[in-house]
**Q** 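Questions regarding the structure given below will be posed in turn.
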Amino acid sequence: MLSMPISDKKGTLLLIIKSLRKEMIQAGLKEGLASEKTIAISQQLDEYIAKYQVI
């Protein structure tokens, strides 16, 4: 990912963010918002959002 143009990096990160957001919502609906799985996905999502904001 380091050698990709910035636009490609942003696009890839957006796809990951959208996928994680969908996964988090599904986990929240199935297991609850305070479940370990939902929180773990949320934290991972936060990391990717932070990476996106840096670019």
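Treat the numbers as computed from the prediction; the structure is a model and nothing was measured. Side chains included, hydrogens not; waters and symmetry mates left out as well; all remaining heavy atoms used.
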**Q** Are the side chains of Q26 and K30 in touch, meaning some heavy atoms are under 4.5 Å apart?
**A**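 Of all side-chain heavy-atom pairs linking K30 with Q26, none is under 4.5 Å.
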**Q** Compare every heavy atom of L13 with every heavy atom of Y48, then report the nearest pair and how far apart it is.
**A**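 Smallest heavy-atom distance, with atoms named: CD2-CD2, 3.6 Å.
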**Q** Mind listing the closest non-hydrogen atom pair of I41 and L20 along with its distance?
**A**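 Minimum heavy-atom contact is CG2-O, 3.5 Å.
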**Q** Please name the pair of heavy atoms, one in L33 and one in I39, separated by the smallest distance, quoted to 0.1 Å.
**A**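 Smallest interatomic distance, heavy atoms only, reads O-CG1, 4.0 Å.
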**Q** Is any side-chain heavy atom of I25 closer than 4.5 Å to one of R21?
**A**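 R21 reaches I25 side chain to side chain.
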**Q** Find the distance between CG (L29) and OG (S35) and round it off to the nearest 0.5 Å.
**A**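 Between L29 CG and S35 OG, I get 10.5 Å after rounding to 0.5 Å.
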**Q** State the CD1-CD1 distance between I16 and I49, to the nearest 0.5 angstrom.
**A**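 Interatomic distance, I16 CD1 to I49 CD1, rounded to 0.5 Å: 12.0 Å.
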**Q** State the CD1-OH distance between I17 and Y52, to the nearest 0.5 angstrom.
**A**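 Separation between the atoms: 7.0 Å.
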**Q** Examine L14 and I6 and state if one hydrophobic cluster contains both, with Ile, Leu, Val, Met, Phe, Trp and Tyr joined whenever side-chain heavy atoms are less than 4.5 Å apart.
**A**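 Looking at the clustering, I6 is in the same group as L14.
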**Q** Under 3.5 Å, side chain of S42 to main-chain N/O of T38, donor-acceptor pair present?
**A**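 Not confirmed, S42 side chain does not pair with T38 backbone.
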